[in-house]
**Student:** 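This is the structure I want to talk about, given as structure tokens.
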Amino acid sequence: MRWSRYFLYTSKEDPAEAEAPSHRLLLKAGFIKQVSAGIYEILPAGWRVIKKIENIVRKEMDRSGAQELLLTVLNPAELWKETGRWESYGNELFRLKDRNGREYCLGPTHEEEITDLVRKFVHSYRQLPLLLYQIQVKFRDEKRPRFGLIRGREFIMKDAYSFDADEFSAMMSYENMKFAYDRIFKKLRLDVIMAQASVGQIGGSQSHEFIAFTDYGEAKVGYCENCGYAGNTEIISLPKPDPQEEEEKPMEKVHTPNVRTIEELSRFLNVHPSKILKAVLYIVNAKDPVMVLIRGDRDIDENKLEAVLGTENFRLADDKEVKDLLGTEKGFIGIFNLPEGVKVLWDNSLYGVKNMVVALNEPDYHYVNANPGRDFNYGKFVDVAQVVEGDPCPQCKSPLKVRKGLELGHIFLLGTRYSDPMKAYFTDPEGKEKPIIMGCYGIGISRVMAAIVEQHHDEKGIKWPTPVAPFEVAILCLNPSDQELAQVSEKLYLEAQEKGLEVIYDDREESAGFKFADADLVGFPYRIVVGKKIKEGKVEIQKRATGERFDVSVEEAINRVKEMVEEDKK
RNA sequence: CGGGGUGUAGCUCAGGUGGUAGAGCGUCGGCUUUGGGAGCCGAAGGUCGGGGGUUCAAGUCCCCCCACCCCGACCA
């Protein structure tokens, strides 16, 4: 490809709206263009990358025995009503009607459709196991699209579905996909950790996430360097700690005017935040007040709280509700003088504490040195604390590490969550009718592109790993108006094409510095620089990933690059 | 959905107290230049996010709406 004719336009200015490196660089280097919030066009260079990612995924899926097909974008509402997700999926489901008033949605995931398809053809245990997948555009009307391709409302996803006759076989399918995912992320040159995860909206009995460590992810992983455990922090349970050994001091009421936050209180009374009993008032199902108590140095994980409450329909109480229910203000909510009807939950972190600072639902006052058993009584203990670095590993108790990451893949053992309500049954060898055991397996393809940039870039631009680079080599003719340079460049360009290299030839009428900067930004793994060294019959090869550079003769150049490219792709 | 912020040229931005819109980059024409985002000369390019209001006069003041970004809660 001649760059002078190629639809690839870079920008010198950083785009104002982008913050995450992948978002900024993909825009700046001309890979994507935003159309509206969370919706992007993928431009020719970007599409080359996407296709390479897809093909790596495709190859490993096929190797695992999966068969590719293509489901629909427009799903009829009836299927979603069969599983109850038409109601339960919420506002993230893009819903629309056709001219006759029939309801549809734009598929955010395809369990319903694939189950419908399979139940129409599969009736016997002889047809199982079965593994189907597609690479398809998906739609989710995200509350908050973010960071370019990292969380879009329209995105490309690979989703696979397994169908088995029994639990054991289903487990084998699940394990098979784990291995496939491991191979896929290695080939994509992504540093990914597999973590236990919650099943969430999709449902099922167990699930794992594949998370790439990045600063712009939204998943938090706790992992253990001692035993190898890894899990999404929202599912890591924290046990009650050992009781504190401390002499109980007499309780006192102290004046704490206008001291509202844990931090202010800690400073005002000169006590560590862990000595403060934090109380947070939630309103559940729009009416029931629930007070959650937790140690002052900890925060509530609302995913865990959701599991405890059994509903996602809860929120923090507002100032008025606090006033009406407790007769106080935020900052002075506590366990003393609690009115009837306020349910109280104690986080495990408060077990065995001594000499605590506690609010009493009276503005501007706190008790100090309150002790359980003497001054107040414990109630129901629950685990709702956010996991932080140093918390005990659920397997071996060693201190956990916690890092942010980006969820690239998620696999679920679904069981009969979909096959049961949709009556996807088969007949077993005994002639009995049973629901098919299912699993589902996603990889966010467009998100993978962003993750690769997050993990492979520097201040100058992207450093594409060779297997996913839009072009493997760029030929930079530093002075196209010089006949000799132009001729050599043309010759190298033809030779590279003949030898099967994916090559872009920068023949634009631009200065040398401009071309270097553009090549750095766009991130081609190799470049051949045709410049003044041509007088000695030499050109320079540069490797983007390492910055290494060396001169070779014009004759050798293409073969040398070809060798390095082949080595990278192994 | 809660909180914060921004909308002015293709891009990045400047435009006290109201007086009829600018810069740099990019684009186009010309000359010069070619190993790290070159220089000079000239030119084109704007419903100032949209609507309403106040005013002799609104990019600027007031009201409503929209879009986008960031933080929080949620998904690949």
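Chain letters run A, B, ... following the sequence lines, proteins first, then strands; residues in each count from 1. Note: hydrogens, waters and symmetry copies are ignored here, and every other heavy atom, side chains too, is used.
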**Student:** Going by salt bridge (charged side-chain N to carboxylate O under 4.0 Å, His left out), R447(A) matches just one of E218(A), E407(A), E454(A). Which one?
**Tutor:** E218(A)
**Student:** Could you label the plane-to-plane angle of the Y181(A) and F210(A) rings as parallel, tilted or perpendicular, counting under 30° as parallel and over 60° as perpendicular?
**Tutor:** tilted
**Student:** Would you kindly give the NZ-to-C1' distance between K404(A) and C75(B), to the nearest whole Å?
**Tutor:** 16 Å
**Student:** Rounding to an integer number of angstrom, what distance separates G22(B) and G15(B) when you compare their C1' atoms?
**Tutor:** 7 Å
**Student:** Please figure out whether V529(A) or I150(A) has its closest RNA chain B nucleotide nearer the 5' end.
**Tutor:** V529(A)
**Student:** Starting at CG of L93(A) and ending at C1' of C74(B), how long is that distance when rounded to a whole Å?
**Tutor:** 15 Å
**Student:** Quickly work out the E510(A) CD to A38(B) P distance and round it to whole Å.
**Tutor:** 8 Å
**Student:** Spell out yes or no: do the side chain of E407(A) and the base of C75(B) have one donor N/O and one acceptor N/O closer than 3.5 Å?
**Tutor:** no
**Student:** As a test of reading the structure: which of G35(B), C68(B), A76(B) is closest to the side chain of A37(A), going by heavy atoms?
**Tutor:** C68(B)
**Student:** Quick one: D506(A) CG to G37(B) C1', roughly how many Å, whole number?
**Tutor:** 12 Å
**Student:** Output yes when at least one side-chain N/O atom of K143(A) is less than 4.0 Å from OP1 or OP2 of C75(B), else no.
**Tutor:** no
**Student:** Please tell me whether D159(A) and Y161(A) have a donor and an acceptor in their side chains that are separated by less than 3.5 angstrom.
**Tutor:** yes
**Student:** Could you measure between the two P atoms, the one in G2(B) and the one in U12(B), and give it in whole Å?
**Tutor:** 28 Å
**Student:** How would you label the contact of L408(A) with the nucleic acid (heavy atoms, under 4.0 Å): base, sugar-phosphate, or nothing?
**Tutor:** sugar-phosphate
**Student:** With rounding to whole Å, what would you report as the distance between G16(B) and C61(B) at their C1' atoms?
**Tutor:** 14 Å
**Student:** Please report the distance separating the C1' of G49(B) from the corresponding atom of G59(B), rounded so that it comes out in whole Å.
**Tutor:** 12 Å
**Student:** When you measure from the side chain of E92(A), which nucleotide among G35(B), C68(B), C74(B) comes out closest?
**Tutor:** C74(B)
**Student:** Choosing from U12(B), G37(B), G35(B), which nucleotide comes nearest the side chain of A16(A)?
**Tutor:** U12(B)
**Student:** Could you give the distance separating A38(B) and G24(B) at their C1' atoms, to the nearest angstrom?
**Tutor:**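 Here G24(B) and A38(B) have their C1' atoms 16 Å from each other.
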**Student:** Give me the distance, rounded to whole Å, that separates U27(B) from G45(B) when you measure between the C1' atoms they each carry.
**Tutor:**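 So the two C1' atoms sit 9 Å from each other.
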**Student:** Go nucleotide by nucleotide along RNA chain B from the 5' end; which of D518(A) and G152(A) gets its closest nucleotide reached first?
**Tutor:**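 Going by which nucleotide is closer to the 5' end, it is D518(A).
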**Student:** Please state whether the phosphate of U34(B), meaning OP1 or OP2, lies under 4.0 angstrom from any side-chain nitrogen or oxygen of S511(A).
**Tutor:**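 No, no such contact exists.
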**Student:** Please state how far atom CG in D482(A) lies from atom P in G35(B), giving the value in whole angstrom units.
**Tutor:** 11 Å
**Student:** Compare side-chain N and O positions of R146(A) against OP1 and OP2 of G72(B) and report whether any pair is under 4.0 Å apart.
**Tutor:** yes
**Student:** Choosing from A76(B), C70(B), G35(B), which nucleotide comes nearest the side chain of M157(A)?
**Tutor:** A76(B)
**Student:** U12(B) base to S11(A) side chain: any donor-acceptor pair below 3.5 Å?
**Tutor:** no
**Student:** Angle between ring planes, F139(A) versus F94(A), binned at 30° and 60°: parallel, tilted or perpendicular?
**Tutor:** perpendicular
**Student:** I need the single residue from F7(A), W47(A), W464(A) that forms a ring-ring contact (aromatic ring centres under 6.0 Å, His included) with F31(A). Which is it?
**Tutor:**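 Looking at F7(A), W47(A), W464(A), the match for F31(A) under the ring-ring contact (aromatic ring centres under 6.0 Å, His included) is W464(A).
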**Student:** Could you check F524(A), Y9(A), F471(A), Y505(A) and say which one makes a ring-ring contact (aromatic ring centres under 6.0 Å, His included) with W3(A)?
**Tutor:** F524(A)
**Student:** Using the C1' atom as the reference point in each nucleotide, state the distance between U8(B) and G4(B) in Å, no decimals.
**Tutor:**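 Per the computed distance, 22 Å lies between those C1' atoms.
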**Student:** What nucleotide, of G37(B), A76(B), C75(B), holds the atom closest to the side chain of E218(A)?
**Tutor:** C75(B)
**Student:** Please pick, from G37(B), U12(B), C75(B), the nucleotide with the shortest atom-to-atom distance to any side-chain atom of E17(A).
**Tutor:** U12(B)
**Student:** With the side chain of H410(A) defined as its heavy atoms from C-beta on, choose the nearest nucleotide among A76(B), C69(B), G35(B).
**Tutor:** A76(B)
**Student:** With a 4.0 Å cutoff (strictly under), does any side-chain N or O of N479(A) reach OP1 or OP2 of G35(B)?
**Tutor:** no
**Student:** On a whole-Å scale, what distance lies between the C1' atoms belonging to G37(B) and C71(B)?
**Tutor:**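 Taking atom C1' in both G37(B) and C71(B), they lie 34 Å apart.
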**Student:** Under the 3.5 Å rule, do the base of C74(B) and the side chain of R151(A) count as making a donor-acceptor pair?
**Tutor:** yes
**Student:** Looking at G37(B), A76(B), U34(B), which one has an atom nearest to any side-chain atom of E142(A)?
**Tutor:**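 Side chain of E142(A) sits closest to A76(B).
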**Student:** Between C75(B), C71(B), A73(B), which nucleotide has the shortest distance from any of its atoms to the side chain of E302(A)?
**Tutor:**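 That would be A73(B).
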**Student:** Please verify the inter-ring angle class for W80(A) with Y89(A); under 30° counts as parallel, over 60° as perpendicular, anything in between as tilted.
**Tutor:** perpendicular
**Student:** Ring stacking, F155(A) with base of A76(B), under 5.5 Å and under 30°?
**Tutor:** yes
**Student:** Distance check: side-chain N/O of Q34(A) vs OP1/OP2 of C69(B), anything under 4.0 Å?
**Tutor:**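 Answer yes for this pair, as a side-chain N or O of Q34(A) is under 4.0 Å from OP1 or OP2.
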